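Comments concern the structure below.
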Protein chains: 2
Amino acid sequence: MSDMRDRILARACDLYLEEGLQGFSMRKLARSVGVTAPALYRHYENKERVLVAVVGEAYKLFGQFLYRSLAGHTPLERLHLAATNYLEFALGHPRQYEMLYVSPAALGLDRLPQEVEEHACATGQFWHDRGRECMDAGLLREGSPEEVSMTMWAHAHGLLFLYLRGLLEMDEAGFRRMFEASSIRLFEGLAAPRLFKELAERGEALASAG
Amino acid sequence: MSDMRDRILARACDLYLEEGLQGFSMRKLARSVGVTAPALYRHYENKERVLVAVVGEAYKLFGQFLYRSLAGHTPLERLHLAATNYLEFALGHPRQYEMLYVSPAALGLDRLPQEVEEHACATGQFWHDRGRECMDAGLLREGSPEEVSMTMWAHAHGLLFLYLRGLLEMDEAGFRRMFEASSIRLFEGLAAPRLFKELAERGEALASAG
DNA sequence: GTCTATAATCCGATAGAC
DNA sequence: GTCTATCGGATTATAGAC
């Protein structure tokens, strides 16, 4: 059976969802599949390869959420959908979301394999495209689309990270409201006119004040 | 010797810096201190308590960076210094920075101990204070100081997280420039006037578009 | 391809002598 | 307060029979 590989992968994803990275072991996986541990090594070289495959599945699901945004009819709608779907994925599948950003060391690797890096790169490219087409349409200030999309990406991930770590004292409904309000702030700007006036008077640039 | 506890803690910090969380063990720590493993248990109840103490040291160092910002003479200057010192701490001490945001599960705990939660809470309060005094001075738009400081915190942490994970293809100098530019974008706002015009025409709110 | 059996390590933590 | 010795467990991975 060649689909034994798929069965193992499916059980590996479930095991990761139940136990997290800490509680994931080849013995537990084998028990869950219904075989003994050595049998797994016929299908996957080692534990790290299994975990990398689990990361791949997380990216596959993430991609389904993200590319659904392309159904929007205008650049602004597509950007809005991308942000909404990003939020929905992270809140609906927090363990998979965590897996997107797992450190190589946590997987027992020095560097992430090319397969995963390409997934991550494609995600960055997706955000870049959303930023660029909005900028081309005159909806965003002129500037570097790459950098603007980084700002949006960092803002969204930063909020989600802090919330999922339990560092923000609010429930999910409260977080959703705050996420939306914070996104509006990002687009409107935090500063009051007086801030720029004060800076101009001091003749200094607003340096790294985030 | 009561300072044996301190010696162990100092070596534990070094061991964590060298090996990370994955490679940290009581046996290695004992070897590093120059005693046998059981001796450690006279000074620390178990491995988790040692790691919690290491997190505490990271917060202590972080606090030194952050509270240095209070030397600024105006609210804006203190906010600016806080952001700069936050960046300097994260780039100068990436492993300790990572430790500030370590998940309880990675430490083998269900929840972080009160000691660490208080540290994290104090950090949130610090950012809140910086936001509030700038808002009181009319430098930031009216709103909730707590939420505005969350936006700034999330933006800064999001950028640093992506950079430290190696997901942004740039060197440290490039990142510093981007961090500053992104912070300015955050204060000025991403949107061009046309975006608000388009939204008003559609009669819909700009929802969660970050 | 799966099994049993096992190698070879590592781990956290404890008992009890000194 | 530190030691030796050890418990009891985990892990990845392999050898060889079937």
Side-chain angles (χ1 to χ4, degrees), chain A residues 1-56 99 102-113 116, chain B residues 1-56 99 102-113 116:
Chain A
M1 289 191 271
S2 171
D3 60 346
M4 186 61 185
R5 217 182 129 87
D6 297 335
R7 264 184 64 200
I8 293 173
L9 178 53
R11 301 307 301 152
C13 290
D14 289 347
L15 183 61
Y16 164 71
L17 289 179
E18 290 160 12
E19 308 251 2
L21 219 44
Q22 307 294 318
F24 187 97
S25 79
M26 293 297 266
R27 289 166 178 239
K28 284 184 190 171
L29 177 55
R31 215 175 306 141
S32 166
V33 173
V35 297
T36 55
L40 300 177
Y41 291 86
R42 285 275 158 191
H43 305 276
Y44 286 92
E45 192 181 342
N46 53 33
K47 181 187 173 183
E48 284 73 35
R49 291 300 187 95
V50 178
L51 286 174
V52 165
V54 173
V55 176
M99 210 58 165
V102 73
S103 78
L107 265 50
L109 302 169
D110 291 336
R111 285 183 47 195
L112 288 174
V116 175
Chain B
M1 289 190 272
S2 172
D3 59 346
M4 186 61 186
R5 218 182 126 88
D6 297 335
R7 263 186 63 201
I8 292 173
L9 179 53
R11 301 306 301 151
C13 291
D14 289 347
L15 183 61
Y16 163 73
L17 289 179
E18 290 160 12
E19 307 250 2
L21 219 44
Q22 306 294 320
F24 187 97
S25 78
M26 292 297 267
R27 292 162 118 95
K28 283 183 190 171
L29 176 56
R31 216 174 304 142
S32 167
V33 174
V35 297
T36 56
L40 299 177
Y41 291 87
R42 286 278 158 190
H43 305 276
Y44 286 92
E45 192 183 342
N46 53 34
K47 181 187 172 183
E48 282 72 37
R49 291 300 187 93
V50 178
L51 287 174
V52 166
V54 172
V55 175
M99 208 61 165
V102 74
S103 78
L107 264 51
L109 302 169
D110 291 335
R111 286 184 44 195
L112 290 173
V116 174

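Source: prediction; values computed, not measured. Here is how names work: the chains are called A, B, and so on, in the same order as the sequence lines, proteins then strands, and each is numbered from 1.
Rounded to whole angstrom, the span from the OH atom of Y44(B) across to the P atom of dG12(C) amounts to 16 Å. When rounded to the nearest whole Å, the span between CE of M4(B) and C1' of dC3(D) equals 13 Å. Per the geometry, CG belonging to L40(B) stands 13 Å off P belonging to dT14(C), to the nearest Å.
In this structure the side chain of L51(B) never reaches within 4.5 angstrom of the side chain of L109(B), judged on heavy atoms. Contact of the V33(B) side chain with the M4(B) side chain is registered, since non-hydrogen atoms from C-beta on lie closer than 4.5 Å. The shortest side-chain heavy-atom distance between V50(A) and L40(A) does not fall under the 4.5 Å cut-off.
Considering only side-chain N and O atoms, T36(B) lies under 4.0 angstrom from the phosphate OP1 or OP2 of dC3(D).
When each of L17(A), L21(A), V116(A) is checked for a side chain to side chain contact (heavy atoms under 4.5 Å, CB included) with M99(A), only L21(A) meets the rule.
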With 3.5 Å as the limit, what N/O pairs link the protein to nucleotides 10-14 of chain D?
residue, atom, partner, partner atom, Å
dT11(D), OP1, S25(A), OG, 2.8
dT11(D), O4, R27(A), NH2, 3.2
dT12(D), OP1, M26(A), N, 3.2
dT12(D), OP2, M26(A), N, 3.4
dT12(D), O4, R27(A), NH2, 3.0
dA13(D), OP2, Y41(A), OH, 3.4
dA13(D), OP2, K47(A), N, 3.3

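The distance from the CZ atom of R31(A) to the OG1 atom of T36(A) is 12.0 Å, given to the nearest 0.5 Å. The CG atom of L29(A) sits 15.0 Å away from atom OH of Y16(A), with the distance rounded to the nearest 0.5 Å.
Comparing R42(A) and R42(B) along DNA chain D, the residue whose closest nucleotide (by nearest heavy atom) sits nearer the 5' end is R42(B).
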